[in-house]
Amino acid sequence: MLGDISDEETNELIALISNIVIENLLSRGMVETKLFPVTHYIHVACYILYDQSYQYNILKKITSKISPEDIARRSKSLGLTMNQLAFFSLPMLYLHGRAQVIYDNISKKKAGEPNIIVEPETKKKETKFVLDFWKRLTPNYLNNGELTAKDKKIQFLSDGYINNLKDQMIPIGDNKDLINKLKKTMAHLTIYSFLLQGECRLAIYEHGPYYFEGNPEPLIFKEFLELKAGDDMYGIKMSERISNIITKPTPVPNVIFGMTLKDMNKLEFNDWGTLFADPAEFSSNITSIGIWTKERKHPKDLRYPDNMGDLKPLSFDILDDLIKFTNNATKEFYFNLSKWSAIRKLMYGANIYVNKLLSVLSLYAGIGSDFDWTWADNYDLDKPFKTDLVDKEKIKFYIEKLGRKPIKSGLSGEGQMKIFAEGLQKYEGIHPFLSRMLRRRKMQKIDPFYYYLQD
């Protein structure tokens, strides 16, 4: 039965995720613009996922219809939202919310508040369910059966699938004009996708390396998964007004780039679907390119391995179309964004972090319409919620609690630690439990970032 795992295994999973998150966060640092209150909306979203049992309640209903193992197998294809980044985000965001609540409860207990239970048994049960759900996903997605990208590879496509793409790859020789256009297109797509997703990477996914039969050059993929704002998500409404954000017609709903590379010293991927390469600027190392778009097939109809949706090859002419689209669409989004209130921006981002992955999972189960996903809009519009899974007053409390003042951690360190400590002092909306990241490695082993199960 899902969730039937021991305290010891639960703690092992918590420690594993904690270590990966710290490594990834410190390698990336804290980056956000003034367009969205990213740190603020992430921490609000994580409170909702855990404190209100939102993620647990929805996953319980999803797993009554489909197993996590089946979801994972139906995701082993190019161009799908459920991927290694999505799978790892499910426990990460949940545990982030859990750590916020545990920190709050410990602080209350230390301050002498009576009857504080740091982690009730009901919440431990929910945590075990969420972690067991995740534990059954990734090993059925990655080809090596591992739980994480611990070998710095993300490989989930079969050799047969890869070799079928071989004839669709086009050698480029020393065509510098084409390489420059490819770089420009990817740069524009990255800026646009990042902006459209409220400054998160959810719609950008990198993975590999793979190898064609008889060819030693590694093949990597970079996917841009959602180019159109306001997609109806196969009949379920995600927002009351998102369709007006981008009115420019997109040439394709998504685009996938495959590149073979020569003379690379390093190709490593983390669990957030991010590539770390040496040389970092490898455009001159590209030997062939393939460009595709993926058919939008309802997730409930996906069947592995033979019914995963058609992949359509695209000519290099699509690069001009994509540059034109992203230029116009980015300008349009900036214009619309400039008229938004601060609370609308916050709820736009929170909605992505809370609802995006859960709504897609509900589609795999064929129950997407069983939930109302528009409450983030209704919070901003001060309208009644159409769901009892989310408490409006609690959301207001989270927003006000996190936005009260910048955190003065007083912590410092060297290198990345110092940079992150300065970030803690600078950013408003961040939860103070993040200071746990700056503790020494010995302490992290004893008491991990996301906390062991609490008595």
Side-chain angles (χ1 to χ4, degrees), residues 2 58-59 61-88 90 133-134 136-146 154-169 202-203 205-208 210-213 219-228 231-236 238 250-258 273 290-314 318 356-371:
L2 264 171
I58 291 179
L59 285 182
K61 293 183 179 181
I62 288 169
T63 54
S64 70
K65 302 292 184 180
I66 187 172
S67 71
E69 292 88 346
D70 200 9
I71 291 170
R73 287 187 288 268
R74 293 192 198 183
S75 302
K76 290 171 70 70
S77 178
L78 292 171
L80 296 178
T81 301
M82 298 314 298
N83 51 38
Q84 183 66 9
L85 166 60
F87 291 155
F88 189 78
L90 287 167
F133 179 89
W134 169 65
R136 299 176 187 222
L137 281 172
T138 314
N140 288 286
Y141 175 72
L142 295 178
N143 290 343
N144 61 7
E146 293 288 349
I154 298 180
Q155 298 166 327
F156 56 90
L157 301 172
S158 68
D159 291 341
Y161 190 105
I162 291 297
N163 284 320
N164 285 337
L165 302 178
K166 189 172 184 178
D167 294 337
Q168 298 172 25
M169 300 288 292
L202 188 61
Y205 184 48
E206 298 168 318
H207 56 96
Y210 304 91
Y211 295 89
F212 290 121
E213 204 171 279
L219 166 66
I220 64 169
F221 291 95
K222 189 177 183 77
E223 306 184 14
F224 296 91
L225 296 170
E226 296 179 19
L227 300 185
K228 175 62 177 171
D231 283 350
D232 64 2
M233 286 288 289
Y234 307 97
I236 64 173
M238 297 300 299
T250 175
V252 287
N254 54 68
V255 62
I256 302 157
F257 296 94
I291 310 176
W292 302 271
T293 189
K294 180 68 180 289
E295 170 196 10
R296 293 186 77 243
K297 190 178 185 71
H298 198 295
K300 70 178 176 60
D301 297 326
L302 295 172
R303 294 293 183 277
Y304 181 80
D306 299 321
N307 192 12
M308 299 294 287
D310 293 334
L311 196 65
K312 177 185 176 183
L314 301 171
I318 195 66
K356 183 63 180 180
L357 299 181
L358 291 175
S359 63
V360 175
L361 288 172
S362 74
L363 291 169
Y364 275 78
I367 58 172
S369 298
D370 288 5
F371 307 97

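Source: prediction; values computed, not measured.
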Candidate pair Leu219 and Phe212, rule side chain to side chain contact (heavy atoms under 4.5 Å, CB included), full reasoning: CA-CA 8 Å; Leu219 166 66; Phe212 290 121; 3.6 Å; yes

task: Determine, step by step, whether Ile256 and Leu225 satisfy the side chain to side chain contact (heavy atoms under 4.5 Å, CB included) criterion, reporting the C-alpha distance in whole Å, the side-chain angles of both residues, the deciding distance to 0.1 Å, and the verdict.
output: CA-CA 8 Å; Ile256 302 157; Leu225 296 170; 5.7 Å; no

field: Ile154 vs Tyr205, side chain to side chain contact (heavy atoms under 4.5 Å, CB included): CA-CA, chis, key distance, verdict
entry: CA-CA 10 Å; Ile154 298 180; Tyr205 184 48; 3.3 Å; yes

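The side chain to side chain donor-acceptor pair (under 3.5 Å) analysis of residues 297-308, with sequence neighbours excluded, yields the pairs Lys297-Asn307. Within the structure, salt bridge (charged side-chain N to carboxylate O under 4.0 Å, His left out) contacts touching residues 63-72 (residues at least two apart or in different chains) are Glu69-Arg136, Asp70-Arg74.
With sequence neighbours excluded, the residues that form a side chain to side chain donor-acceptor pair (under 3.5 Å) with Asn144 are Asp151. Applying the side-chain contact (heavy atoms from CB on, under 4.5 Å) rule to Thr250 yields the partners Leu227, Lys228, Phe325; only residues at least two apart in sequence or on another chain are considered. By the salt bridge (charged side-chain N to carboxylate O under 4.0 Å, His left out) test, Glu295 is found to be paired with no residue, residues two or more places apart in sequence or in another chain being considered. Here Ser362 pairs with nothing under the side chain to side chain donor-acceptor pair (under 3.5 Å) rule; sequence neighbours left out. Checked against side-chain contact (heavy atoms from CB on, under 4.5 Å), Asp370 has the following partners two or more places apart in sequence or in another chain: Ile367. For Thr63, there are no side chain to side chain donor-acceptor pair (under 3.5 Å) partners, not counting sequence neighbours. Judged as a side-chain contact (heavy atoms from CB on, under 4.5 Å), and not counting sequence neighbours, Asn164 has no contacts. Remark: Gln155 pairs with no residue by the side chain to side chain donor-acceptor pair (under 3.5 Å) rule, at least two apart or across chains.
Here the closest non-hydrogen pair linking Pro253 and Arg296 is CB-CD, 3.8 Å. Counting all heavy atoms, side chain and backbone alike, Leu302 lies closest to Gly309 at CD2-N, 4.4 Å. In terms of heavy atoms, Leu59 sits closest to Leu358 at CD2-CD2, 4.0 Å.
Taking CG of Leu137 as the start and CG of Leu142 as the end, the distance is 10.5 Å to the nearest 0.5 Å. The structure places OH of Tyr210 at 9.5 Å from OG of Ser158, a figure rounded to the nearest 0.5 Å. With values rounded to the nearest 0.5 angstrom, Glu206 atom CD is found 12.0 Å from Phe257 atom CZ. Taking NZ of Lys356 as the reference point, atom CG of Leu361 lies at 11.5 Å (rounded to 0.5 Å). Going from atom CZ of Phe133 over to atom CG of Leu2 covers 7.5 Å, rounded to the nearest 0.5 Å. The CG atom of Leu357 lies 7.5 Å from the OG atom of Ser359; values are rounded to the nearest 0.5 Å.
Between Trp134 and Leu90, the closest side-chain pair of non-hydrogen atoms is not below 4.5 Å. Counting heavy atoms from C-beta outward, Tyr234 and Pro299 have side chains that approach closer than 4.5 Å. The shortest distance between side-chain heavy atoms of Leu165 and Leu157 does not fall below 4.5 Å.
Only one option out of Gln168, Glu223, Lys312 pairs with Trp292 in a side chain to side chain contact (heavy atoms under 4.5 Å, CB included); it is Gln168.
A distance-only check finds no donor-acceptor pair linking the side chain of Thr293 to the backbone of Val255 [under 3.5 Å]. Side chain of Asn140 to backbone of Pro68: no donor-acceptor contact under 3.5 angstrom is found.
Using bins of under 30°, 30° to 60° and over 60° for the plane-to-plane angle, the ring pair Phe221/His207 lands in the parallel bin.
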For residues 76-85, which side-chain N or O atoms pair as donor and acceptor with protein atoms under 3.5 Å away, sequence neighbours left out?
{"from": "Lys76", "atom 1": "NZ", "to": "Tyr141", "atom 2": "O", "distance (Å)": "2.7"}
{"from": "Lys76", "atom 1": "NZ", "to": "Asn143", "atom 2": "OD1", "distance (Å)": "3.0"}
{"from": "Lys76", "atom 1": "NZ", "to": "Phe156", "atom 2": "O", "distance (Å)": "3.0"}
{"from": "Ser77", "atom 1": "OG", "to": "Lys294", "atom 2": "NZ", "distance (Å)": "2.8"}
{"from": "Asn83", "atom 1": "OD1", "to": "Leu85", "atom 2": "N", "distance (Å)": "3.1"}
{"from": "Asn83", "atom 1": "OD1", "to": "Ala86", "atom 2": "N", "distance (Å)": "3.0"}
{"from": "Asn83", "atom 1": "ND2", "to": "Leu80", "atom 2": "O", "distance (Å)": "3.4"}
{"from": "Asn83", "atom 1": "ND2", "to": "Thr81", "atom 2": "O", "distance (Å)": "3.4"}
{"from": "Gln84", "atom 1": "NE2", "to": "Asp271", "atom 2": "OD1", "distance (Å)": "2.6"}

